[in-house]
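Note sheet for the following structure.
For the numbers below, each heavy atom of this structure counts, side chains included, while hydrogens, waters and symmetry mates do not. Here is the naming used below: chain letters follow the sequence lines, and residue numbers restart at 1 for every chain. What you see is a predicted model, and the numbers here were worked out from it, not measured in a lab.
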Amino acid sequence: MLIKLHGRSLRALSPERSPEPFLGRVCTNPALPAAARSREILLVEGPCELPGGFRAYLTRSETGVARQPNVFFIGAEFPFLGDGDIIRIHPERSGLTVLYRRSSAFNSMLVTERCDNYCVMCSQPPKERDDGWLVDELFEIIPMMSPETPEIGITGGEPGLLGSRLVDLVDRFRRFLPRTALHILSNGRAFADEKFALALAKVGHPDLMLGIPLYGDLPEVHDFVVQARGAFDQTIRGILNLKRHRVRVELRFVVQRDTVERLPAFARFVARNLLFVDHVALMGLELMGFARSNLDAIWIDPLDYQRELAEAVEILDRARMHVSIYNHQLCVLDPVLHRFARASISDWKNLYLEECARCEARARCGGFFASSVVRRSRGIAPFAIAEQSGPMVAQRED
Amino acid sequence: MNQLADTFRDRSAFAPSGPYRLLPARFSRLDDRRYVITNDVGEYVVLERPALQALLRHELQPGTPLYADLKSRHFLFDGESRVALDLLALKYRSRADRIADFTALHMFVVTLRCDHTCSYCQVSRQMEEKSRFDMSQAHADRAVEFVFRSPSPAIKIEFQGGEPLLNFDLIRHVVLRAESLNREHGRDLVFVIASNLTRLNDEILDFCKGHRIYFSTSLDGPADLHDERRALPRGSSYRAAVDGIQRIREALGPDAVAALMTTSPGSLPRVREIVDEYVKQGFHSIFLRSLSPYGFAVRTSLVRRYDVDDWVKFYVEGLRHIIDLNLSGYPMREEFAAILLQKMFAPVGNGYVDLQSPAGLGIAGIIYNYDGAIYASDEGRMLAEMGDHTFRLGHLDEDSFEEVMTSDTLVDLLKDSMLEGLPMCSDCAFMPYCGSDPVFHKATQGDVIGHKAFSSFCKKQMAVLRHLIALMEDDASARRVLQSWI
Ligand code: SF4
Ligand code: SF4
């Protein structure tokens, strides 16, 4: 399934519309008490009488000029939209952006596009500009999210650059969504300042995890990948400070041509020096952003690093660490690694190829990033669905 | 080709600048070609002599795999990066951490009586009938109070003898008393009875069922080897042991009993048979131990009847056999190797009492004798029976726990047992994997530190560690087996 979260084809049906972009929560109940309507955006299928008082209206069928303000025709777009989803409408640009989907197991929130790393395979290249509005907007929508939300991801850019705003943000999540797991993707450098790590820890969020990329056991490798001298030292110190104050940390290692050679050494280093981190994720490339422009320089077929990957996983697993493999199709993984593979790709980004349709492993496989079509492993081949009875062993079709 | 886009700098822009600096390390010869270099936190690299020389002369080339490994394992640092120092400090602390949680093992000699008359016995036996060789209930209660004065979150109370089952009433009393106190203390509390199992009966097993009680027994090998030195006036000690093992397993579960073997001159040519006996009895673990020079053994000068080289041969052959058992599908662990490997490859300290620095005396284990005297170790108690009271820390009637733990006797012994400051050890590459054995050196050399060049303890340590490191380096299939023991 591939889901589009942004579109620019709203058609305004009412002459009266807000000049500025605005936020609202999707609602499909026209009978919602009037007092509860002010932040809700009513979504209706067919032509009908639109009750007043909603922040805006989306309709799937073309009607004439509407009486209510802010009525927009969306046709068949965003078919998944439902109660509780949070969207931004930009009337000037006819734009609609889905910020939060209530039915999604994982909602990811971009809080800044600025970053002090400049990773050679960054899938979301940083932009140096003031984008404080992003986090302002997030502050605004947190109270609109369902308290049943299972997990929220905070991404950038580098969220650590928000400084105390990040601490406030986590605190706001703790207050409004105490049962929601919070996962922050950070390069960890800002936490080299122990006071900052302590401030984050003091929020006392009940289910917080920082996902921190570490690309090697040596500064020269990591600093090169993130294109910043001294980053390795800062990231390691950040990890130590966070763990010192009992914030959970996950290490994220992206396997690419420059990091693969020392992958087993990295695993040994982690097992020896950072045994106390809570999770280690070994990840495949996501071919977007810089990863795409640098593709020839960084690409390595996963088929060609199975030995290193298996060795690293074995070292970490033997050290009793939690280790997962992300972004790898099952058919390119050594069978001994299958039990570590997680189907992690977010639902709006992944897809499957034609051969996957006849693959026995499809239900367990993460499939592909939409972006991966630029380059795929030589090893993609469906597992045959076992025909005769007997042990259900998946076999590769050659 | 394959260039990064122009906005990126290539690898060379991030190469460390300037010369490298060395971090604290020690090296020793591994074999005629190679050296092993270790750092304070137990990481090691094996390298050939020219490479070692280049490293020490600051002539090693950055960018080579050896350079990268030495840097990754914190033997050197370079450029502006200093985080190696933070990590080393942290690793040092993790390894030493357990010292603050002192005294996990408390041994109670509930009686000195025994029904065996073994030639090499480590305790001096007393006639079975004399109850003046039993520990009194008052002493036992006082010792239980001591147990809970130790900060250790995990507590093991081990009942020894003599043959402790000859005074089972006191064992029962101590177990119940400790459990009741533990309701308030909440420690991870287990009990071990070190017994020859001749006196095992249903009443004892029934009691054990409701408590976390384990058995540890002696099994020296096949029947003739075992019975040769474990004289039981009526019957076979071997039979008592193997029957007891089965009964315990049936009553309390397969892991409720462990066996320990003692090596004697007669064992030396028979290591495979010994290991196979353990397999036959369904064990997945064996500790190939050397003969200790205490108690009757010293008096009968058994210890001098075989040389440490013979023991090493015995050990190497036994280990090979055990590795082969694993490779053919029977999982079996050699515990001495497992302890050393854990010291080599795990970042946290290992609690094995006899290989600590400072020594485990008093702080890893402490022993309360049947008469109320307190000793720093089991072997220290045996030395006292031979008239040397170096390791006597006090008495349950006279001293408080605090007085015992801060006594000059104990503190001086601990000070003298830090390998980091001992002659030879302080320069030895095997130091991070080794430990002090002050009782052994006092018994054999008359001095708690001892001259390591003449120490069979040291000789044994070096030989076994060299052997293990060589296996890890040179034998891929053995390596996989050894790694599975960590
Ligand atoms: S064929 Fe498709 S579904 Fe099957 S393992 Fe490969 S990528 Fe996954
Ligand atoms: S006892 Fe021997 S092997 Fe152990 S540290 Fe001292 S010199 Fe090294």
What part of [X] lies closer than 4.5 angstrom to a heavy atom of chain A: side chain, backbone, both or neither?
X	result
B:Ala346	backbone
B:Leu88	neither
B:Ser94	neither
B:Leu90	side chain

(request) Please indicate whether B:His284 has more than 12 foreign heavy atoms, meaning atoms of other residues, nucleotides or ligands, lying under 6.0 Å from its NE2. (result) yes
(message) Tell me if the CZ atom of B:Phe27 is crowded by more than 12 foreign heavy atoms within 6.0 Å.
(response) no
(message) Can you list the residues of residues 211-226 of chain A that sit under 4.5 Å from chain B, counting heavy atoms only?
(response) A:Asp217, A:Leu218, A:Pro219, A:Glu220, A:Val221, A:Asp223, A:Phe224
(request) Considering only heavy atoms, give the residues of residues 110-121 of chain A separated from chain B by less than 4.5 Å, sorted numerically, with 'none' for an empty result. (result) A:Tyr118, A:Cys119, A:Val120
Could you tell me which portion of [X] (side chain, backbone, both or neither) has an atom closer than 4.5 angstrom to a non-hydrogen atom of chain B?
X	value
A:Phe266	neither
A:Glu314	side chain
A:Leu295	neither
A:Ala228	backbone
A:Arg318	side chain

(message) Only pairs of heavy atoms separated by less than 4.5 Å count here; which of B:Pro65, B:Pro347, B:Ala15 has the most with chain A?
(response) B:Pro347
(request) Might you point out which heavy atoms bring B:Arg11 and A:Asp258 nearest each other, and give the distance in Å? (result) NH1-OD1, 3.0 Å
(message) Please give me the minimum heavy-atom distance between B:Glu80 and A:Asp233, naming the atom from each residue.
(response) O-OD2, 4.2 Å
(message) Can you confirm whether B:Asp86 sits close enough to A:Ile236 that some side-chain heavy atom of one is under 4.5 Å from a side-chain heavy atom of the other?
(response) no
(message) Test: side-chain hydrogen bond (donor to acceptor under 3.5 Å, both in side chains). Region: residues 265-277 of chain A. Which pairs qualify, not counting sequence neighbours?
(response) A:Arg268-B:Glu43, A:Asn273-B:Lys91
(request) Kindly write out the residues that satisfy salt bridge (charged side-chain N to carboxylate O under 4.0 Å, His left out) with B:Asp101, not counting sequence neighbours, or none if the list is empty. (result) none
(request) Measure from the side-chain N and O atoms of A:Asn294 to the backbone N and O of B:Ala5, and report whether any donor-acceptor pair falls under 3.5 Å. (result) yes
